[in-house]
Amino acid sequence: MSPSHARHKPTIAGLLDIGTAKTACLIVECSAPGVPTRVIGCGVSPTRGLKAGVVVEMDGVEQAVRSAVGEAEVQAQVTLDDVALSVACGRVRAATFAADSPIQRYTVSEEDVSRLMQAGRAFAEKDGRLLLGLERINARVDGVPCSAEPGGVAGRTLSADLVAITADEPPVRNLMHVVERAYLGTTALIPAPLATGIGATRPEARQQGVIVVDIGAGTTLVSMFIGGRLLAADVIPVGGNHITFDIARGLRTSVLEAERIKKECGTLARSAHDAQALVAYAGAAVEPEAAQMFETTRWALSDIIEHRVSGLFAHVSERILRSGLAPYVQGPMVLTGGSSLLPGIADTAFAIFGRPVEVSAAHPLPGLPAEFATPAFATVAGMAMVRPQFSMRSARREGTRDASGYLQRMGRWLRRSS
Ligand SMILES: Nc1ncnc2c1ncn2[C@@H]1O[C@H](COP(=O)(O)OP(=O)(O)OP(=O)(O)O)[C@@H](O)[C@H]1O
Ligand SMILES: [Mg+2]
C-alpha cells in the first residue's frame with residue numbers, strides 16, 4: 001500500500017451492475033476510491049424487465065436489485081445506503097474531440113484550463129446528453145504540444161483533445177429510479193464499457209492498446225483503450241439473447257429450451273463429427289408436458305449461432321472502423337461477457353478481425369469468489385477499480401449477520417418519513 005493510501009481510512013463501497021440477464025452486486029473495502037483491497041460481499045440475481053440495458057418493467061428490475069444487494073449485504077454484514085451504478089443504456093458512448101479557449105493573461109492559468117474544460121463539457125452535453133466522464137488527453141498552446149498540465153506556458157490559445165463519455169439521460173434516470181425504489185442512493189454512474197474494459201484486462205494491455213468486446217445477454221459493449229485510457233466506446237443492442245431467440249425461432253422451440261441447448265450444445269468450433277451429432281430438444285407447446293421431442297444436428301445448431309455472431313461482429317467491426325483508432329491499437333482483442341463462453345468464439349473473431357483474440361474473465365480481486373471471477377462478472381469487478389466521479393459514502397457496519405439489508409433500509413426510510 002502506498003503512503004498516500006495508508007492515510008485513508010478504508011471505506012466500503014457497493015457496486016451494482018444491472019445486466020439484461022443478471023444483476024450483480026459487490027461490496028468492497030477500498031483503501032481509496034477505485035483502489036479495492038478486498039471483496040467482502042457478493043450477490044447475484046436473475047434480472048427480469050430489462051431490454052438492451054433499458055428498464056422496460058420496473059418491478060422485475062427492482063426485485064433483482066433488492067435480491068442481489070440483500071445477498072451481498074448479508075455476506076458483508078453491512079447495510080448499504082448507496083451504490084455506484086453501471087450504465088450500459090442510453091446509447092452510452094465515449095468519443096474524443098478538440099476544444100480550445102483563449103488564454104486571458106498571456107500565460108496559461110488554472111482559470112484558462114477550467115474554461116477549456118467547461119467548453120468541452122458544454123460540447124459533450126449538447127443534444128441533452130448526460131456527461132458520465134470527461135478527461136483531458138493532451139494540451140497545446142498555439143498549436144504546439146505541451147505538457148498535459150500546461151499552467152504557466154505563454155501563448156494566445158489553449159487547446160486540448162478531450163474524451164467524453166456520454167449517454168441519453170432518460171434511460172439512466174429510469175435506472176436510478178429503480179435503484180431508489182430499493183431505497184438506495186446512487187453515488188456514482190460508471191460507464192459499463194469503461195468498467196468491463198478495466199475488469200477484463202491488465203493495465204499493461206490498456207497501455208499498449210486493446211479492444212475489449214463484452215458480449216452480454218442484451219448488449220455488446222465495445223471499448224478501445226490506447227495509452228492506458230478509454231478513447232472510444234460504443235454499445236450495440238445485440239447479445240446472447242438474440243442467439244437464443246434465433247435458435248427458438250429456427251427450431252420452433254421455447255426460449256427456455258433454446259437457451260438450454262445453446263449453453264449445453266452450442267458451439268462455433270465445428271468438426272465433421274457435428275454433422276452427425278444429434279441434439280434432442282422439446283418443441284414449442286402450450287403445456288410443457290405435452291411438448292413433442294425433436295432432434296437436430298449440432299452442425300445445424302451451430303449454423304444458426306454462427307449467422308448471428310457473424311452479424312454481431314460485422315457491427316463491432318463497423319464501430320471500430322468508425323472510431324478511426326484501430327491502427328493505433330497494437331494489442332489483441334479481448335472478448336468477455338457471458339456470451340464469450342461460446343466455444344470457438346475467439347477463432348470466429350480472429351477470422352473476422354484479423355488480430356489475436358483472447359477470452360478474458362473478471363480480474364481475480366482479493367476475496368472475489370471463483371464463481372464471480374468469470375467473463376459474466378467483468379463489468380462489476382471492473383467497477384471496483386474505477387475511480388468514481390463522486391465521492392463514496394461509507395456504509396454502516398451491522399453487528400448482526402441475519403438481518404435483511406432491504407428491510408433495514410426500508411425501516412430507516414419509514415422512520416425518516418414519519
Ligand atoms: N456457456 C455459454 N455458452 C453460450 N452462451 C452463454 C454461456 N453462458 C452464458 N451465456 C450467455 O451469456 C449471456 C449472459 O451474459 P452476461 O451475464 O454477461 O449478461 P448481462 O451482463 O446480464 O447482460 P447485458 O450486459 O447484455 O445487459 C446470456 O445470453 C447467456 O445465454
Ligand atoms: Mg453485462
Side-chain angles (χ1 to χ4, degrees), residues 15-26 42-56 60-61 64-65 68 85-92 171 175 178 190-200 212-223 233-248 255-269 279 298 301-302 304-306 308-309 312 315-316 334-346 348 359-362 371-383:
L15 311 166
L16 187 62
D17 174 41
I18 308 177
T20 311
K22 51 97 186 63
T23 294
C25 176
L26 291 189
C42 310
V44 62
S45 174
T47 314
R48 309 245 175 280
L50 207 71
K51 208 171 166 194
V54 176
V55 178
V56 291
V61 183
V65 170
L85 185 61
S86 71
V87 176
C89 59
R91 300 179 301 143
V92 64
L175 207 61
V178 172
I190 298 184
L194 173 67
T196 204
I198 290 179
V212 181
V213 180
D214 177 323
I215 314 170
T219 58
T220 294
L221 314 174
V222 184
S223 332
D234 229 321
V235 177
I236 300 163
V238 175
N241 277 355
H242 297 79
I243 303 175
T244 305
F245 298 151
D246 289 352
I247 296 171
V255 168
L256 219 65
E257 187 68 342
E259 178 76 6
R260 179 188 71 77
I261 57 174
K262 176 182 82 171
K263 285 189 184 163
E264 285 178 12
C265 315
T267 183
L268 286 163
V279 175
R298 239 166 102 100
L301 177 64
S302 179
I304 299 175
I305 297 173
E306 192 179 305
R308 174 59 77 171
V309 171
L312 172 61
H315 283 298
V316 172
V334 168
L335 301 182
T336 191
S339 297
S340 69
L341 293 171
L342 207 52
I345 197 163
T348 303
V359 173
S360 175
E371 63 268 32
F372 278 75
T374 66
F377 295 96
T379 306
V380 77
M383 288 173 77

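Reckoned from all heavy atoms, side chains included, excluding hydrogens, waters and symmetry mates. Computed from a prediction, not measured in an experiment: that's the story for all the values here. Counting starts at 1 for both ligands and their atoms, in listed order.
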Legend entry - Contact residues of ligand 1, where a non-hydrogen atom lies under 4.0 Å away: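 Around ligand 1, where the cutoff is 4.0 Å for heavy atoms, the contacting residues are Gly19, Thr20, Ala21, Lys22, Gly216, Ala217, Gly218, Thr219, Gly240, Asn241, Glu259, Lys262, Lys263, Gly337, Gly338, Ser339, Leu341, Leu342, Ala376.
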Inset, instruction - Can you sort out the partners of Glu259 under salt bridge (Lys or Arg N to Asp or Glu O under 4.0 Å), two or more places apart, ordered by chain and number? - result: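 So Glu259 forms a salt bridge (Lys or Arg N to Asp or Glu O under 4.0 Å) with Lys262, Lys263.
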Inset, instruction - With sequence neighbours excluded, tell me which residues meet salt bridge (Lys or Arg N to Asp or Glu O under 4.0 Å) with Arg48. - result: none
Legend entry - Between NE2 on residue His242 and CD1 on residue Ile236, distance to nearest 0.5 Å: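 Between atom NE2 of His242 and atom CD1 of Ile236 there are 11.5 Å.
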Inset, instruction - Could you tell me the separation between the OG1 atom of Thr379 and the CG atom of Asp214, rounded to the nearest 0.5 Å? - result: 4.5 Å
Going by atom type alone, with no hydrogens or angles, which donor-acceptor pairs under 3.5 Å involve a side-chain atom of residues 16-23 and a protein atom two or more places apart or on another chain?
residue : atom : partner : partner atom : Å
Asp17   : OD1  : Ser86   : OG           : 2.6
Lys22   : NZ   : Ala376  : O            : 3.0
Thr23   : OG1  : Thr47   : OG1          : 2.8

Legend entry - Minimum heavy-atom distance between Ser45 and Ala68, given as atom pair plus value: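 For Ser45 and Ala68, the tightest heavy-atom pair comes out as CB-N, 3.9 Å.
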